[in-house]
Amino acid sequence: MNIISVGKLTLYTFFACIFIYLLSFLGFLNPNVETFGFFLMVIVLIGLSFWKIEYCLLFLIFEFLAGIDGHLFEFKSLSIRFVLFAVFMFIWLIQKLRNYQFLKSQIENFTKSFFFKPFTFALFFIALAGIIGIIRGNAWNFIFADLICYSYLSLIFPFFDLIVNNKQLIKKIFQIFSGTIIATSALTITTLYLFASHSAVHGGIYYQWFREYVIGKIAAMNNNFFRVVMSSDILTLVFFLIIISILLFNIYKLTKKNYWLNSQLPWLIFLGILSSVVLTISFTRNFLLGFVISLIFLCLILKIPLKRKIIFSISLIVIFLLESFLIFYLCNHKNIQTNFLFLNDRIETIFTPETEASAMSRLERLDAALKKIKEYPIIGSGMGSEIVAYDYPTKKIIKTPHIDWGYLENWTDLGLFGFLSYFWFLGILFWQGVKTVYYSTINQDFYLGILIGLFCLFVIHIFGPFLFYPTGIFYILLCLMIFKKAVKP
C-alpha cells in the first residue's frame with residue numbers, strides 16, 4: 001500500500017496540471033500563447049534530460065496522465081504528446097548508444113523477458129497491417145493516426161531500462177497519477193458547474209476549447225444535467241479500481257484506529273471519492289458495466305468472507321447513488337424521485353440499446369464490422385480501414401474508421417493472426433500479473449489493484465478501442481514493468 005501515496009510531487013503535479021489547462025485555454029484564444037506553451041513543454045523535457053533521464057521520463061508520463069488526449073497544445077498540426085514522445089525517444093536512444101556494453105546487456109535481458117516473443121510477433125503484425133493499409137488504398141491520415149497510437153508501444157524499451165526494479169520511480173509515477181486525478185477531477189467538476197449554471201453554453205468559447213483541445217464531450221441530458229466525458233476517464237476508472245481493490249484487500253484493518261493514522265488510507269479514500277464523482281459525471285455505460293464486472297471478478301478471486309464482500313459492495317452502490325442524487329440535485333434542484341427516474345432510464349439503455357440513438361448506431365457498426373472482417377479475415381484490411389454504417393443521431397449513412405467495438409476493430413485492422421498475436425501478448429501479461437499477486441509477500445494489495453485495473457481494460461475494450469488508445473497502451477506498459485518479476489517462494 002506504500003507504493004500509492006500522496007507527497008509533495010502530488011501537489012506539484014496538481015498545480016502543473018492547472019497551469020497547463022489555463023495555458024491551453026489561453027492558447028485557444030491566442031495562437032501565440034499556444035506556440036509558447038508547446039515549446040515550453042518541449043524545452044522542459046529537454047532540460048530535464050540534462051539533469052536526469054528518469055526525470056525526463058516522469059515528465060513524459062505526466063503529459064500522458066495530465067494531457068488528457070494529448071492535444072492541449074499543437075504546432076503545425078503536431079500534437080504535444082507525439083512531439084514529446086519523439087523527442088524523449090531520440091534523447092534516450094542517443095544516451096544509450098554512448099554506452100554500448102550496457103545497451104548490449106539490456107538487450108539480452110529484454111530478449112529473456114516473459115513478454116519478448118509475443119511482443120515481437122505483435123509488432124510484426126502491426127507493421128504488416130500498416131503496409132496492407134497502404135496497399136489497399138486506405139486513407140493516409142487514418143493509417144497515420146492508427147500507427148501513431150501503436151507507436152507508443154516502443155516506450156517499452158525505455159520503460160524496461162528505467163522503471164523495472166525501480167520501486168522509487170514507480171512510487172513517483174503514482175504520486176503523479178494521484179495529482180492528475182485531482183486535477184482532471186477539478187476540470188470535470190468545473191465544466192459541469194459552468195454548463196449547469198449556464199455560465200458556459202454549447203458553441204461558446206469554453207465549449208469549443210473543450211471539444212477541440214481537450215477532445216472531450218459535453219452532452220446535454222434531461223433535467224439540466226450535462227455529461228462531461230474525457231479520454232482520461234479511462235485512467236480514472238482504472239485508478240478507482242486500484243483503490244477499491246486495496247480497500248477490500250485490507251478490509252480487516254479498516255476498523256483499526258492505528259491503520260488510519262499510520263497509513264495513506266484517508267488520502268486514498270479522498271482520491272477514490274473524486275474518481276467516483278468523475279465517473280458519475282461522465283455517466284458512461286461502458287465504464288459502469290466494466291466497473292461492475294471488474295468488482296464481481298475482484299470479489300470472486302479475493303479470499304475474504306462473503307459477508308464482508310456483500311457489505312463492501314452494497315456500500316459502494318449506496319455511495320454511487322448518493323453521489324448521483326447529490327450531483328443531479330445541484331444541477332436541477334428536483335426531488336429524489338425525478339432524479340431516480342432519470343438515473344434508471346440511463347441504466348436501462350444498457351439492457352435496451354434500441355431505446356437510444358447512439359446505442360443503435362453502435363449496433364449498426366457491429367454488423368458493419370462483421371461484414372468487413374469477412375472480406376479479409378486472415379490478413380485484415382490494414383491500418384486506416386473504414387466501415388460504412390447508418391448513423392442514427394445524424395440519420396445518415398456514414399463512412400468511418402471508428403468501429404466502436406475494440407476487439408473487432410483489432411481483427412479488422414490486424415487480421416486474425418495479428419489479432420491473436422496482440423492478445424497473446426496481453427494474455428501473457430495478465431497471467432504474469434496473476435502470478436505476481438499470488439507469489440508476492442509485500443504490496444500484494446497494490447499488485448491486485450493493478451491486475452483488476454488491467455482486467456477492466458479488457459472488459460471495456462469490448463465496446464471501444466481502449467487497449468490501443470495512448471492511455472491504454474501506457475497502462476499496459478506500466479503493468480509490464482510492475483509484473484516483470486513473479487518470484488516463486
Side-chain angles (χ1 to χ4, degrees), residues 4-29 37 41 59 61-73 80-81 173-200 204-219 225-243 264 266-284 287 319-320 322-324 326-331 471:
I4 296 186
S5 60
V6 174
K8 288 182 179 180
L9 189 56
T10 305
L11 189 63
Y12 298 154
T13 299
F14 170 73
F15 286 118
C17 288
I18 300 303
F19 174 73
I20 65 169
Y21 296 156
L22 289 174
L23 195 62
S24 175
F25 182 71
L26 292 174
F28 172 74
L29 301 176
M41 294 192 72
F59 187 75
I61 290 172
F62 162 76
E63 196 288 323
F64 266 83
L65 296 172
I68 306 173
D69 207 63
H71 293 269
L72 290 177
F73 303 96
I80 186 62
R81 173 166 298 166
I173 290 171
F174 278 92
Q175 285 188 353
I176 293 173
F177 206 161
S178 301
T180 56
I181 288 293
I182 300 171
T184 53
S185 300
L187 179 60
T188 299
I189 294 168
T190 300
T191 302
L192 175 62
Y193 170 77
L194 290 174
F195 280 84
S197 65
H198 306 291
S199 301
I205 292 174
Y206 185 88
Y207 177 82
Q208 292 178 50
W209 170 73
F210 198 85
R211 289 289 292 167
E212 296 173 21
Y213 284 59
V214 178
I215 319 293
K217 177 182 178 182
I218 303 170
F225 175 73
F226 294 81
R227 288 181 59 222
V228 180
V229 184
M230 302 184 292
S231 62
S232 60
D233 294 343
I234 303 167
L235 291 177
T236 302
L237 174 61
V238 166
F239 192 84
F240 183 54
L241 281 166
I242 293 172
I243 292 175
Q264 291 277 333
W267 275 110
L268 284 184
I269 292 176
F270 169 71
L271 292 169
I273 291 172
L274 277 183
S275 301
S276 63
V277 167
V278 169
L279 297 173
T280 301
I281 294 173
S282 75
F283 221 39
T284 306
F287 291 176
I319 291 171
F320 166 72
L322 289 175
E323 281 182 354
S324 300
L326 177 60
I327 292 169
F328 296 157
Y329 177 76
L330 291 174
C331 289
T471 45

> Rounded to the nearest 0.5 Å, how far does CZ of F239 lie from CG of L235?
10.5 Å
> Calculate, to the nearest 0.5 Å, the distance between atoms OG1 and CD1 belonging to T13 and I176 respectively.
5.0 Å
> Kindly indicate whether the side chain of K217, heavy atoms from C-beta on, has any atom under 4.5 Å from the side chain of M230.
no
> For a quick test of reading the model, state the closest non-hydrogen atom pair linking Q208 to F28 and the distance between them.
CB-CZ, 3.5 Å
> Tell me whether R81 contacts the main-chain N or O of F64 through its side chain, where contact means a donor paired with an acceptor under 3.5 Å.
yes
> Is the shortest heavy-atom distance from the side chain of L237 to the side chain of L279 under 4.5 Å?
yes
> Mind listing the closest non-hydrogen atom pair of Y21 and W209 along with its distance?
O-CZ2, 3.6 Å
> How far apart are the closest heavy atoms of S275 and I181, and which atoms are they?
OG-CG2, 3.6 Å
> Taking the side chain as every heavy atom from C-beta outward, state whether F210 and V228 have any pair of such atoms under 4.5 Å apart.
yes
> Of all the heavy-atom pairs spanning S178 and L271, show the shortest one and how long it is.
OG-CD1, 3.7 Å
> Is there a side-chain contact between S276 and F240 (heavy atoms, below 4.5 Å)?
yes
> Measure the spacing between OG1 of T188 and CD1 of I281 and express it to the nearest 0.5 Å.
6.0 Å
> Got T184 and V278 here, is their nearest side-chain heavy-atom distance under 4.5 Å?
no
> Just verifying a value: how many Å separate Q175 CD and L11 CG, rounded to the nearest 0.5 Å?
11.0 Å
> Pairing donors with acceptors under 3.5 angstrom, does anything connect the side chains of Y193 and S199?
no
> Could you tell me whether a side-chain N or O of T190 sits under 3.5 Å from a main-chain N or O of L187, the two making a donor and an acceptor?
no
> Using side-chain heavy atoms (C-beta onward) and a distance below 4.5 Å, is I273 in contact with E323?
yes
> Hey, could you give me the CD1/CH2 distance between I269 and W267, rounded to the nearest 0.5 Å?
12.5 Å
> For F287 and D233, which heavy atoms make the closest approach, and how far apart are they?
CE1-CB, 3.5 Å
> Would the distance check show the side chain of S24 and the main-chain N or O of F73 forming a donor-acceptor pair, the cut-off being under 3.5 Å?
no
> Parallel, tilted or perpendicular: which describes the rings of F195 and Y207, with under 30° parallel and over 60° perpendicular?
perpendicular
> Would you find a donor on one side and an acceptor on the other, under 3.5 Å apart, between the side chain of R227 and the backbone of I218?
no
> More than 12 non-hydrogen atoms from neighbouring residues, nucleotides or ligands closer than 6.0 Å to CG on L326, yes or no?
yes
> Measure across C331 and L192 and return the closest heavy-atom pair with its distance rounded to 0.1 Å.
SG-CD1, 3.9 Å
> Over 60° means perpendicular and under 30° means parallel, so tell me whether F25 and Y206 are parallel, tilted or perpendicular.
tilted
> Do F283 and F328 have their ring centres less than 6.0 Å from each other?
yes
> To the closest 0.5 Å, what do you measure between CG (D69) and CD1 (I215)?
5.5 Å
